[in-house]
Amino acid sequence: MGRLTCALPARQSARVPGSAAVERAERARWRNWAGNERAEARVVHARSVEDVVAELSAAAASGGRVRPIGSSHSFSAIGRPEQTQLVLDGLTGITVTGDGLVTVGAGTPLYRLNAELCRAGWALTNLGDVDRQTVAGALATGTHGTGAAFGGLATQVRALELVTPAGEVLRCTPEEHPDVYAAARVGLGALGVVTAVTLQAEPAFALHAVEGPGRLDEALERFEELMTSTDHVEFYWFPHTDATLLKCHTRVGLDGGLDPLPRWKAVWDDEVLANAAFAGVVAAGRRVPALVPPLARFSARALGPRTWTDHSHRVFVSRRRVRFLEMEYAVPRGEAPAVLAELRRVHAAGDWRTAFPVEVRLAAADDVPLSTAGGRDTAYVAAHVPAGTDPGPWFCALESIAAAVGGRPHWGKLHGLDAGALRERYPRFDEFLAVRDRLDPTGVLANAHLDRVLGPAPGR
Ligand SMILES: Cc1cc2nc3c(=O)[nH]c(=O)nc-3n(C[C@H](O)[C@H](O)[C@H](O)COP(=O)(O)OP(=O)(O)OC[C@H]3O[C@@H](n4cnc5c(N)ncnc54)[C@H](O)[C@@H]3O)c2cc1C
């Protein structure tokens, strides 16, 4: 099998043009979680909506560029600042009302929101597998978890407060500025700076977790049955093996009591095996690539079966200490077994070494224009490589296999598509673009990555 090629964008130069410093703003270096994106920019910490209005108005008047940032957990250059980086860490309040509506400052990290909701007897319906992201950052890229009947975080939004590049503060709901509301639930940070979000939480619940080894063959043969066998199902396939790690999480009431993992077991599984030992596996595989297949077999067997019940957010979320790069494609659910079978075939035919597993999850169709699950029941297929290595052939394989079934890349993860290709994959792409062109005609919020995936603003 020949080497697959695709156009992952080259990393851009670390230096960016300067702009006049204002009070409280300093130039600082920035890097994302995986370390593959770096920049130097003028950094402004917003403490109020007025700070955001002032910053955007000044940039609009002077032709400047502003990029809001959350926890920098995106792998793509979507949050990369070119002149000014706007940090929302001063906008972090949480207010929960009796009906489970929670209004949260845009810069609040999810782990703080989860803890606060839990204390008040509420929980978010579904979560991704880490909780370090900010609410606005997670929403901007379409962050999702797994569950055939459940949507991503965007489907839990009920209202948004957004400062437009012109400095106008919009409260957006299905009734007020409905087109902005619809688009801004997965807004890529391209429509305005979100300052607050109202989410619909639900009464706190627990998840009963049944986790253990499985086989890829079986997962592909019985994909639909397996992935819909309970509320939140996902599996990891370890390339070089037929082994999977299957996680089945069932929603249960808190009145049945909790049965959390004993502390030593949680530390052993999640800190020692999933992080420390796995870091050793990855490091050994980087030094001696021939070791990767046997190490992958070791990793697949290391985490044995376990059963436990805990608060939902504690089960949804894991610790990820080993840094990696990720590509994730959303494909029509019915196509997932064929996509995975082809990925396995291409992997077996190539000679690349992959210690990281491929993660497979589901989401229900939603009505958000740029949601990866917009208008179709979706399966997610994610590939990973160690941070600091070249993902080229492995990610290109996934990208070209997903292309054959209209796959949509996660907005916060690596991919090589541009606006032309993405328009083909998103029936409502032009609807989103019309809102962007109206709210940010001169590209105050743009950066080179957004210019690639959306096309440049009309007046730029
Ligand atoms: C270890 C790890 C695990 C992950 N697990 C998952 C997962 O399970 N599921 C999943 O879907 N994704 C996952 N991701 C991806 C991650 O959820 C997204 O990239 C998310 O966008 C990161 O949130 P953040 O706060 O770090 O945002 P950043 O990366 O800082 O920013 C992302 C985007 O949001 C914009 N933005 C930030 N704040 C605002 C604001 N106030 N207004 C407007 N725009 C704003 C930025 O400009 C940028 O475009 C994971 C990433 C990592 C590193």
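Every number for a ligand or one of its atoms is a count from 1 in the order of the listing. These figures come from a predicted structure and were not determined experimentally.
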Undergrad: Between the side chains of Arg361 and Asp129, is the shortest nitrogen-to-carboxylate-oxygen separation below 4.0 Å, so that they form an ion pair?
TA: yes

Undergrad: Can you check whether Thr143 has an N/O within less than 3.5 Å of an N/O in ligand 1?
TA: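 Such a contact does occur with ligand 1.
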
Undergrad: Could you tell me whether Arg65 and Asp451 have a side-chain N and a carboxylate O separated by less than 4.0 Å?
TA: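 Asp451 and Arg65: salt-bridged.
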
Undergrad: For atom 4 (C) of ligand 1, find the nearest protein heavy atom and state the residue, atom name and distance (0.1 Å precision).
TA: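 Residue, atom and distance for the closest contact: Val130 CG2, 3.6 Å.
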
Undergrad: Contact between ligand 1 and Phe75 is defined here as a heavy atom of the residue under 4.0 Å from a ligand atom; is it met?
TA: yes

Undergrad: Less than 3.5 Å between some nitrogen or oxygen of Phe324 and one of ligand 1, yes or no?
TA: no

Undergrad: Using non-hydrogen atoms of the residue, decide whether Arg361 is closer than 4.0 angstrom to ligand 1.
TA: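 True for this residue.
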
Undergrad: Does Gly137, backbone or side chain, put an N or O under 3.5 Å from an N or O of ligand 1?
TA: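 Min N/O separation from ligand 1 is below 3.5 Å for Gly137.
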
Undergrad: Do Arg251's NZ or CZ and the ring of Phe205 fall within the cation-pi criteria of under 6.0 Å and 45°?
TA: yes

Undergrad: Which protein non-hydrogen atom lies closest to atom 51 (C) of ligand 1, naming both residue and atom, and how far is it?
TA: His73 O, 3.3 Å

Undergrad: I'd like to know if Gly192 contacts ligand 1, where contact means a heavy-atom distance under 4.0 Å to any ligand atom.
TA: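 Contact present.
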
Undergrad: With atom 45 (C) of ligand 1 as the reference point, say which of Ala184, Pro68, Gly152 has the nearest heavy atom.
TA: Pro68

Undergrad: Could you walk me through whether Thr378 and Thr372 pass side chain to side chain contact (heavy atoms under 4.5 Å, CB included), step by step?
TA: CA-CA 8 Å; Thr378 290; Thr372 46; 5.5 Å; no

Undergrad: Geometry only, no angles: is Ala140 polar-contacting ligand 1 at N/O separations under 3.5 Å?
TA: no

Undergrad: Run the salt-bridge test on Arg438 and Asp179 with the 4.0 Å N-O cut-off and return the result as yes or no.
TA: yes

Undergrad: Examine Glu328 against ligand 1 and note whether any of their N/O atoms are separated by less than 3.5 Å.
TA: no

Undergrad: Considering non-hydrogen atoms of the protein only, which is the closest contact for atom 40 (C) of ligand 1, and what is the distance?
TA: Ala136 CB, 3.6 Å

Undergrad: Going by the order shown, which atoms of ligand 1 are within less than 4.0 Å of some heavy atom of Ser74?
TA: 18 (C), 19 (O), 20 (C), 21 (O), 22 (C), 28 (P), 29 (O), 31 (O), 32 (C)

Undergrad: List in chain and number order the residues that pass salt bridge (charged side-chain N to carboxylate O under 4.0 Å, His left out) with Arg376, two or more places apart in sequence or in another chain; answer none if no residue qualifies.
TA: none

Undergrad: May I ask which of Val194, Leu188, Thr134, Thr108 has a heavy atom nearer to atom 25 (O) of ligand 1 than the others do?
TA: Thr134

Undergrad: Determine the sole option in Trp411, Phe150, Phe316, Tyr380 for which the ring pair (Phe, Tyr, Trp, His ring centres under 6.0 Å) test with His144 is passed.
TA: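 That would be Tyr380; it is the only one of Trp411, Phe150, Phe316, Tyr380 passing the ring pair (Phe, Tyr, Trp, His ring centres under 6.0 Å) with His144.
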
Undergrad: Taking a cutoff of less than 4.0 Å between a non-hydrogen atom of the residue and any ligand atom, is Glu326 in contact with ligand 1?
TA: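 In this structure, Glu326 fails to qualify as a contact of ligand 1 - no heavy atom is under 4.0 Å.
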
Undergrad: Atoms of ligand 1 less than 4.0 Å from Val193 heavy atoms?
TA: 42 (N)

Undergrad: Just need the protein heavy atom nearest to atom 12 (N) of ligand 1, so name the residue and atom and give the distance.
TA: His410 NE2, 3.2 Å

Undergrad: Looking at Tyr426 versus Phe432, is the centre-to-centre ring distance below 6.0 Å?
TA: no

Undergrad: So that I can tick it off, tell me whether Glu359 and Lys247 are bridged by a salt bridge, with the cut-off set at under 4.0 angstrom between side-chain N and carboxylate O.
TA: no

